[in-house]
Amino acid sequence: TVPGDFTLVLLDQLLAVPGLRMISCCNELNAGYAADGYARTSGFSAAVVTYTVGGLSLINAVAGAYGDDLSLLAVSGGPNSNDAHDHHRIHHTIGELDLYQTERCYAPVVAAVFNIRHLDDAARMIDEAILTCLSKKKPVYLEIACNLTGLPIAAPTPGLFSALPTVSNPEALAAAVNMAAARINNAVKPILVSGVKIRPANAGDAFLSLVNVMGSAVATTPDAKGIFSENHPSFIGTYWPEISSPNCSEIVESSDCQVLVGVQ
């Protein structure tokens with residue numbers, strides 16, 4: 001977080017949450033990249049900033065998190081819930097009466113935008129914002145009117161997050177596994193190529209198990225560097241046709257079965 005006058009009451013509420021650690025940063029962009037890093041390692045993070053001037057500073061990091069499929073919740077303080085109705089001009093903005101500018105800036109680089117300006121919407125919108133962020137593996141923008149943040153709201157929806165795990169159609173999954181296994185088993189020189197989409201799918205351990213069972217060589221795409229251990233005995237380098245690691249492209253392209261996992 002970077003504290004600001006639109007989030008002071010909200011931050012007081014967050015400080016009171018047991019087990020929640022608040023990290024203060026020098027500026028909003030730093031906070032965004034810190035949240036980006038935490039989301040990569042832990043699966044979810046939140047960055048809390050003040051209205052417009054803070055949100056627009058944060059947006060570059062959020063756009064990067066969108067491109068990398070990271071669950072980053074961008075929380076911004078918002079103007080008082082009656083400011084738009086009363087035609088107030090707000091500081092930290094460009095001075096126009098339109099108080100929806102920041103959320104429109106965020107719309108192209110987040111999975112969803114939520115703007116809480118009525119207390120009755122708070123519990124539903126907060127739940128939906130977090131659920132969308134986790135399920136879509138993308139950032140979400142959540143703006144909360146500053147005069148509402150110290151008020152009690154309804155309890156969270158019971159069992160909302162228990163529905164998060166997605167289960168494949170068992171018949172379709174079995175058919176796909178059987179076809180893939182037959183293709184791999186009939187190959188003379190299969191090879192695995194790991195891509196960046198392994199991370200948002202939380203498939204790193206499953207991919208490692210596949211590597212160990214197959215015993216095939218493994219290459220990574222450039223954007224997936226670090227997803228698979230370069231110390232693993234099966235690792236042969238980064239595959240990027242003309243500028244691959246030495247001999248990597250020859251090995252990949254001479255394979256009679258290229259298994260691309262998480263490659264976009």
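A quick note: this is a predicted structure, and the numbers were derived from the prediction, not measured.
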In the hydrophobic clustering that connects Ile, Leu, Val, Met, Phe, Trp and Tyr at side-chain heavy-atom distances below 4.5 Å, which members other than [X] occupy its cluster, ordered by chain and number?
{"X": "Val2", "answer": "none"}
{"X": "Val259", "answer": "Ile184, Leu192, Val196, Ile198, Phe207, Leu208, Leu210, Val211, Met214, Val218, Ile227, Phe228, Phe235, Val261"}
{"X": "Val177", "answer": "Leu173"}

Once rounded to the nearest 0.5 Å, what's the spacing between atom [atom1] of [X] and atom [atom2] of [Y]?
{"X": "Leu151", "Y": "Thr149", "atom1": "CG", "atom2": "OG1", "value": "7.5 Å"}
{"X": "Trp240", "Y": "Thr220", "atom1": "CH2", "atom2": "OG1", "value": "11.5 Å"}
{"X": "Asp5", "Y": "Cys146", "atom1": "CG", "atom2": "SG", "value": "8.0 Å"}

Shortest non-hydrogen contact from [X] to [Y]?
{"X": "Ala224", "Y": "Gly195", "value": "CB-C, 3.5 Å"}
{"X": "Ala219", "Y": "Ile236", "value": "CB-CG1, 4.0 Å"}
{"X": "Ala154", "Y": "Ala123", "value": "O-CB, 3.6 Å"}
{"X": "Cys248", "Y": "Ser244", "value": "CB-CB, 4.0 Å"}

Take atom [atom1] of [X] as the centre, draw a 6.0 Å sphere, and report whether it contains more than 12 heavy atoms from other residues, nucleotides or ligands.
{"X": "Asp205", "atom1": "CG", "answer": "no"}
{"X": "Tyr38", "atom1": "OH", "answer": "no"}
{"X": "His232", "atom1": "NE2", "answer": "yes"}

Looking at residues at least two apart in the chain, or sitting in another chain, which of them share a salt bridge (charged side-chain N to carboxylate O under 4.0 Å, His left out) with [X]?
{"X": "Glu230", "answer": "Lys225"}
{"X": "Lys137", "answer": "none"}
{"X": "Asp121", "answer": "Arg124"}

Answer yes or no: is there a donor N or O on one side and an acceptor on the other, between the side chain of [X] and the main chain of [Y], under 3.5 Å?
{"X": "Ser254", "Y": "Ile251", "value": "yes"}
{"X": "Ser42", "Y": "Ala39", "value": "no"}
{"X": "Ser255", "Y": "Cys257", "value": "yes"}
{"X": "Thr7", "Y": "Pro3", "value": "no"}
{"X": "Ser45", "Y": "Ala35", "value": "yes"}
{"X": "Asn80", "Y": "Asn147", "value": "no"}

Are the side chains of [X] and [Y] in touch, meaning some heavy atoms are under 4.5 Å apart?
{"X": "Glu128", "Y": "Met125", "result": "no"}
{"X": "Leu58", "Y": "Tyr106", "result": "yes"}
{"X": "Ile153", "Y": "Ile126", "result": "yes"}
{"X": "Thr238", "Y": "Thr221", "result": "no"}

Check the hydrophobic clustering (I, L, V, M, F, W, Y; side-chain heavy atoms under 4.5 Å; chains of links allowed) and say if [X] and [Y] are grouped together.
{"X": "Leu56", "Y": "Tyr51", "result": "no"}
{"X": "Ile59", "Y": "Val113", "result": "yes"}
{"X": "Ile130", "Y": "Leu148", "result": "yes"}
{"X": "Phe44", "Y": "Val140", "result": "yes"}
{"X": "Ile116", "Y": "Val9", "result": "no"}

Self-check item: Which residues share a ring pair (Phe, Tyr, Trp, His ring centres under 6.0 Å) with Phe114, sequence neighbours left out
Solution: none
Quiz prompt | Donor on one side chain, acceptor on other, Glu253 and Tyr239, under 3.5 Å | solution = yes
Quiz item: Excluding sequence neighbours, so at least two apart, what forms side chain to side chain donor-acceptor pair (under 3.5 Å) with Thr52?
Solution: Thr102
Quiz item: Excluding sequence neighbours, so at least two apart, what forms side chain to side chain donor-acceptor pair (under 3.5 Å) with Glu103?
Solution: Asn115
Considering only distance and modelled atom types, tabulate donor-acceptor pairs under 3.5 Å from the side chains of residues 63-78, sequence neighbours left out.
residue	atom	partner	partner atom	Å
Asp68	OD2	Arg40	NH1	3.4
Asp68	OD2	Arg40	NH2	2.5
Asp69	OD1	Lys138	NZ	2.8
Asp69	OD1	Lys197	NZ	3.4
Asp69	OD2	Lys197	NZ	2.5
Ser71	OG	Cys133	O	2.8

Name every donor-acceptor pair, under 3.5 Å, that has one atom in a side chain of residues 15-32 and the other anywhere in the protein, sequence neighbours excluded.
residue	atom	partner	partner atom	Å
Asn27	OD1	Leu29	N	3.1
Asn27	OD1	Asn30	N	2.8

Exercise. Go through the steps for Val48 and Leu14 under the test side-chain contact (heavy atoms from CB on, under 4.5 Å), then give the verdict.
Key: CA-CA 10 Å; Val48 184; Leu14 293 175; 4.0 Å; yes
Quiz prompt | Trace of the side-chain contact (heavy atoms from CB on, under 4.5 Å) decision for Ile144 with Phe6 | solution = CA-CA 9 Å; Ile144 307 173; Phe6 287 95; over 6 Å; no
Quiz prompt | salt bridge (charged side-chain N to carboxylate O under 4.0 Å, His left out) pairs, two or more places apart, involving residues 167-191 | solution = none
